[in-house]
2 protein chains.
Amino acid sequence: MSPKTPPGQTRDQIFRFVRERLFEGLPPTVREVQQAFGFKSVQTAREHLETLVAEGRLTKAAGLSRGYRLAEGLALPAMALVPLLGQVQAGELTTAVEEPEGYIPVPSRQAAEGMFALRVRGRSMIDAGILPGDLVLVRRQSAAEPGDIVVALVEDEATVKRLRRRNGRLELHPENPEFFPIVPEPGALVILGKVIEVRRHLEGMPVYD
Amino acid sequence: MSPKTPPGQTRDQIFRFVRERLFEGLPPTVREVQQAFGFKSVQTAREHLETLVAEGRLTKAAGLSRGYRLAEGLALPAMALVPLLGQVQAGELTTAVEEPEGYIPVPSRQAAEGMFALRVRGRSMIDAGILPGDLVLVRRQSAAEPGDIVVALVEDEATVKRLRRRNGRLELHPENPEFFPIVPEPGALVILGKVIEVRRHLEGMPVYD
DNA sequence: TTGCTTACCAGACAAATGTGTGCTATGCAA
DNA sequence: TTGCATAGCACACATTTGTCTGGTAAGCAA
């Protein structure tokens with residue numbers, strides 16, 4: 001008999017194994033789990049799987065081959081592609097087509113709704129750790145809180161700045177002492193969205209389109 | 001016998017059915033195809049499936065249940081999860097499991113091979129735009145080029161620094177004037193991998209585990 | 001006609017796979 | 001000790017599932 005492992009440890013690995021296989025598109029059979037973990041009996045694998053079902057981490061379709069699935073809530077993050085906009089044109093950006101340069105994958109279909117991506121061009125945000133060439137993922141919204149990093153429309157160009165409130169009005173502040181804050185006329189500030197993620201690829205990044 | 005349909009028409013619909021099922025995560029069995037299309041014989045479904053394989057639209061793993069897959073090139077862009085390692089222990093990090101804190105989704109299965117992720121803890125790389133709390137995605141490799149940002153092992157702790165060559169030896173340089181370079185004994189430098197991506201989530205990020 | 005192809009059916013067999021019963025061994029707590 | 005839980009094993013059985021052999025019927029071209 002194989003040595004006994006600490007309680008739950010093997011089961012965690014089995015859970016990840018099943019999830020991995022689901023990612024690849026083909027759920028494992030009980031015997032595939034058995035072989036993957038070197039169990040000498042099918043039943044050992046089966047008991048672990050059934051325990052995972054009882055724990056609510058897996059679900060199963062009884063009788064079906066390869067019937068184990070991830071439980072609700074643990075579902076695989078389905079990938080979605082967010083458009084990488086190049087030139088952000090005048091107006092509202094809401095006009096359907098802005099000639100995306102490509103598409104950025106995000107791990108949640110839901111989160112991708114109403115998102116777009118931009119490539120940062122200036123050095124005005126380097127103290128916030130946002131460098132030229134970085135990608136910012138932006139959720140579209142026309143308002144934001146002071147302190148948020150936002151994408152705003154300044155003279156028909158999209159710019160990334162931190163939103164600040166000063167003297168009762170909203171301003172766009174760079175995070176680089178070499179740059180000056182932008183003080184829009186009251187009511188003239190057009191916010192395109194809020195930056196919710198920053199990505200920097202130091203090595204070749206696959207482009208989707 | 002059911003009425004005979006025009007050549008290829010039923011087969012196209014079977015292809016779409018299989019693709020749909022693959023997208024949902026559970027490839028169909030031959031008999032499930034049979035029932036979905038109301039065939040009175042298993043063999044009818046089987047012949048269509050085998051024809052799709054012969055046409056190069058599907059592939060199959062013979063003998064396996066639910067063994068039909070989409071052919072190369074027709075596959076969906078698949079995501080993979082990269083382990084987010086918390087404490088990087090001594091030694092080589094190559095020991096199988098290091099108690100991942102979670103898993104980070106990356107958009108390519110292939111790229112995920114041999115990768116891991118770390119959460120940055122210090123402020124030593126802020127001038128490179130790497131802030132505390134940022135995630136770095138690392139490809140495992142034991143050597144790197146000067147100029148690369150690497151993860152190296154310093155006194156049993158993983159640290160992110162830029163690799164530099166000075167006076168003929170490799171050093172680990174921070175990107176923050178408040179910190180000093182680390183000068184390992186020649187030959188004592190343990191490189192765990194190269195940083196290939198930096199991510200910062202400014203808003204709640206889903207954690208997978 | 002003949003011959004060929006495609007679409008479909010019937011029934012059987014064998015391999016893959018899910019499931020059940022009974023067992024050993026270890027650790028822990030009452 | 002007893003009792004209980006977890007980890008694992010052996011073996012059998014039934015269902016699911018892939019596979020095979022042989023058939024019918026319709027359309028089309030030589």
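Just so it is clear: chains get the letters A, B, ... in the order the sequence lines come, proteins before strands, and each one is counted from 1.
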Counting neighbours of CZ on B:Arg11 that are heavy atoms of other residues, nucleotides or ligands and sit closer than 6.0 Å, is the number greater than 12?
yes
For the side chain of B:Leu64, counting heavy atoms from C-beta on, which of D:dT19, C:dG22, C:dT17 is nearest?
C:dT17
Would you mind reading off the distance between B:Phe39 atom CZ and C:dA10 atom C1', rounded to a whole angstrom?
15 Å
note: A:Glu47, atom CD; D:dC11, atom C1'; distance rounded to Å ~ 14 Å
Electrostatic pair B:Arg46-B:Glu50, nearest N-O below 4.0 angstrom
yes
Please report, rounded to the nearest Å, how far the P atom of C:dA15 is from the NZ atom of B:Lys60.
15 Å
Determine: side-chain N/O of A:Arg46 to OP1/OP2 of C:dT17, distance under 4.0 Å, yes or no.
no
Ion pair check, A:Arg162 and A:Glu175, cut-off under 4.0 Å
yes
Phosphate-side-chain proximity, A:His48 and D:dT6, N/O vs OP1/OP2 below 4.0 Å:
no
Would you call the rings of A:Phe17 and A:Phe37 parallel, tilted or perpendicular if under 30° counts as parallel and over 60° as perpendicular?
perpendicular
List the atom of B:Ala71, the atom of B:Thr59, and the distance in Å for their closest heavy-atom pair.
CA-CG2, 3.8 Å
Could you check whether the side chain of A:Arg31 and the base of C:dG18 have a donor-acceptor pair of N or O atoms closer than 3.5 Å, going by distance alone?
yes
Residue-phosphate contact under 4.0 Å: A:Lys40 side-chain N/O, C:dC23 OP1/OP2
no
Compare side-chain N and O positions of A:Ser65 against OP1 and OP2 of D:dT16 and report whether any pair is under 4.0 Å apart.
no
Of the listed nucleotides D:dT19, D:dG8, C:dA7, the one nearest the side chain of B:Val42
D:dT19
Between C:dC9, D:dT17, C:dG18, which nucleotide gets closest to the side-chain atoms of B:Arg66?
D:dT17
When rounded to whole Å, the CG to P distance for the pair B:Leu26 and D:dT16 reads 15 Å
Output the rounded distance in Å from CD (B:Glu55) to P (C:dT6).
10 Å
Touch check for A:Thr29, heavy atoms < 4.0 angstrom, all strands: base, sugar-phosphate only, or nothing?
sugar-phosphate
Which nucleotide, D:dA7, D:dT21, C:dC8, lies nearest any side-chain atom of B:Gln43?
D:dT21
Nearest to the side chain of B:Tyr68, heavy atoms from C-beta on, is which of D:dT19, C:dA10, D:dG8?
D:dT19
Round to a whole Å and report the spacing from CG of B:Leu49 to P of C:dA7.
13 Å
Could you check how far CD of A:Gln35 sits from P of D:dG8, rounded to whole Å?
16 Å
Whole angstroms only, please: what is the CD-C1' distance between A:Glu50 and C:dG20?
12 Å
Taking only the side-chain nitrogens and oxygens of A:Ser41, find out if one of them lies under 4.0 Å from OP1 or OP2 of D:dG8.
no
